[in-house]
Amino acid sequence: MRRKILAGLLAGVMVLGTLTACGGGGEEASSSGGDSGEAAATEEGGEASAEGSSDLGTVTLILSNRDEFLSTLEVGVQNAAADMGVEMVTQDAQNDTSKLLQFVETAKNDGQKAIIVNPVDPATCSQIIDAAGDMKVVFINRFPTEENVLNENAVYAGSDEMESGKYQGEWLAEHFKAEGKTEIKYIMLNGMIGQTSTTQRTESCLQALEDAGIKAEEATAPLAADWDRATAQDMITPLVTTIEYDCIISNNDAMALGAIEALKAAGIDPSTIPIVGVDATVDGCQAVKDGSLAMTVFQDAEGQGVAAMMSAANLVAGKPLNEGTEYTLDETGNVLWVPFEPVTAENVDDYM
């Protein structure tokens, strides 16, 4: 499924690139959707298309750091850029906001029209916009702390984090109800405290459990493992044999996999403790398939990359962000949502 969706998106990008090469900045545009069935011109199938994109020249993608998810996201940007005939440069800020701002300045001095940024700290997005000057800015994957920084020149392409936790909570609720339980204790593995994704994934999961009639209590204070597998393993190891808990909720797959390793090291079969993650990484999906991870939630890294490049093209062309995609905009028109999808043992093969 994930390959099918991405193939459809890239087909639309190829159309966009072809039209750009042939004609420059025409004023009319059309679009049609793919798997979602929600299209501007047709209700079923078809390739996404968009006309009249401005020539982007070179676009810089700045990543906060490199991990499996962000590397996959980069591939999506690269594929879209190649199909559009856009030269793409990637910079790694190595979790250093000052480096990130330097890369923004370099892109501006190079005369680039648009830049794609995965912020180190979402609270610094206004600084990034200031540094960008006249460049269009597409934030990707980490939503700005202050949403009011988004406008016709600075936008966001990513996924609604409230969906990911909701899918985790709904799965856990169904699992525990089948066991006849309405009260549970959980261990929570958090990403970076203060980030929108950490807060919303946690809140939406707990809200979904509550909405389903499950009383969920902390078995211990949340563990801030900063999205890191080894950190999560180290933090949870002293707890897995010393406290009572019914499940482990993780804000991403990497930390969930760290928990799995801690359980195995303690001689506990991880398939006996429901562990849920987010991202549907390669390792995460394999863990779902072998039963050590109960479920994960597919965050479409490549799709986000394609969406960001399309957003950059559409921004420069003065068109709606979702022109040429099947993705939806929020009510402001400044946010392009790439949907999350739940991944379980029943459908994991679609994501491998």
Side-chain angles (χ1 to χ4, degrees), residues 67-69 72 164-191 197-198 201-202 204-206 208-209 212 214 216-299 340-352:
D67 60 19
E68 181 183 344
F69 179 85
T72 304
S164 58
K166 178 175 73 73
Y167 286 131
Q168 288 180 315
E170 289 175 347
W171 187 93
L172 287 169
E174 183 176 347
H175 172 83
F176 287 119
K177 282 187 172 181
E179 292 186 346
K181 293 183 179 179
T182 57
E183 297 185 6
I184 64 167
K185 290 185 177 180
Y186 64 87
I187 297 175
M188 179 69 71
L189 288 168
N190 282 152
S197 51
T198 297
R201 289 181 187 187
T202 299
S204 58
C205 178
L206 298 179
L209 285 165
I214 301 293
E217 296 183 351
E218 293 179 337
T220 184
L223 306 177
D226 293 342
W227 309 112
D228 185 68
R229 181 172 181 165
T231 303
Q233 182 175 350
D234 289 344
M235 295 184 77
I236 203 171
T237 291
L239 302 174
V240 294
T241 58
T242 58
I243 64 173
E244 293 183 5
Y245 56 98
D246 297 291
C247 63
I248 299 172
I249 302 169
S250 177
N251 288 161
N252 76 344
D253 284 352
M255 296 185 295
L257 293 168
I260 289 170
E261 292 304 316
L263 289 170
K264 288 180 177 178
I268 302 172
D269 181 356
S271 67
T272 63
I273 306 291
I275 306 171
V276 296
V278 177
D279 285 340
T281 61
V282 173
D283 289 345
C285 286
Q286 185 58 51
V288 172
K289 191 171 181 65
D290 67 30
S292 56
L293 184 64
M295 65 88 65
T296 183
V297 184
F298 176 48
Q299 182 177 196
F340 280 104
E341 302 168 26
V343 180
T344 65
E346 287 71 29
N347 68 348
V348 68
D349 286 340
D350 292 336
Y351 296 85
M352 299 185 70

Flag, side chain of [X] to backbone of [Y], donor-acceptor distance under 3.5 Å:
X	Y	answer
Asp253	Thr281	yes
Gln299	Ala280	no
Asn347	Thr344	yes

Does [X] have any side-chain hydrogen bond (donor to acceptor under 3.5 Å, both in side chains) partners at least two apart in sequence or in another chain, and if so, which?
X	result
Ser250	none
Asp290	Ser292
Ser204	none

Using atom types as modelled, flag every donor-acceptor pair under 3.5 Å from a side chain in residues 179-191 to any protein atom, sequence neighbours excluded.
unit_1: Glu179; atom_1: OE2; unit_2: His175; atom_2: NE2; d: 3.3
unit_1: Lys181; atom_1: NZ; unit_2: Asp246; atom_2: OD1; d: 3.2
unit_1: Asn190; atom_1: ND2; unit_2: Thr202; atom_2: OG1; d: 3.0
unit_1: Asn190; atom_1: ND2; unit_2: Asn251; atom_2: OD1; d: 3.1

To the nearest 0.5 angstrom, please state how far the [atom1] atom of [X] sits from the [atom2] atom of [Y].
X	Y	atom1	atom2	value
Thr220	Met235	OG1	CE	9.0 Å
Ile214	Glu170	CD1	CD	12.5 Å
Gln233	Asp228	CD	CG	10.0 Å
Leu263	Ile268	CG	CD1	5.0 Å

Decide if atom CD of Glu218 counts as having more than 12 heavy atoms of other residues, nucleotides or ligands within a radius under 6.0 Å. yes

What's the shortest heavy-atom distance between [X] and [Y], and which atoms?
X	Y	answer
Gln168	Ile249	OE1-CG2, 4.0 Å
Leu293	Ala256	CD1-CB, 3.8 Å
Ile260	Ile275	CG1-CD1, 3.6 Å
Ala262	Ile236	CB-CG2, 3.5 Å
Gly169	Leu209	O-CD2, 3.6 Å
Val276	Ala294	CG1-CB, 4.4 Å

Counting C-beta onward and ignoring hydrogens, is there a side-chain heavy-atom pair between [X] and [Y] closer than 4.5 Å?
X	Y	result
Cys205	Lys166	no
Phe298	Cys285	no
Asp350	Val343	no
Pro342	Met295	yes

Could you walk me through whether Val282 and Thr72 pass the side chain to side chain contact (heavy atoms under 4.5 Å, CB included) check? CA-CA 10 Å; Val282 173; Thr72 304; over 6 Å; no

Which of these passes side-chain contact (heavy atoms from CB on, under 4.5 Å) with Tyr167: Val278, Leu172, Thr296, Val297?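 By the side-chain contact (heavy atoms from CB on, under 4.5 Å) criterion, Tyr167 pairs with just one of Val278, Leu172, Thr296, Val297: Val297.
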
Once side-chain contact (heavy atoms from CB on, under 4.5 Å) is applied, do any residues pair with Ser271, and if so which ones, sequence neighbours excluded?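 For Ser271 the side-chain contact (heavy atoms from CB on, under 4.5 Å) partners, ignoring immediate neighbours, are Asp269.
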
How far apart are the C-alpha atoms of Val240 and Ile273, what are their side-chain angles, what is the distance that settles it, and do they pass the side chain to side chain contact (heavy atoms under 4.5 Å, CB included) test? CA-CA 10 Å; Val240 294; Ile273 306 291; over 6 Å; no

Have Glu341 and Tyr351 got a donor and an acceptor in their side chains that come within less than 3.5 Å?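 Yes.
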
CA sep, side-chain torsions, deciding dist, call: Asp226, Thr231, side chain to side chain contact (heavy atoms under 4.5 Å, CB included): CA-CA 8 Å; Asp226 293 342; Thr231 303; 5.6 Å; no

Could you list the residues that satisfy salt bridge (Lys or Arg N to Asp or Glu O under 4.0 Å) with Asp283, not counting sequence neighbours?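 Here the qualifying residues are Arg229.
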
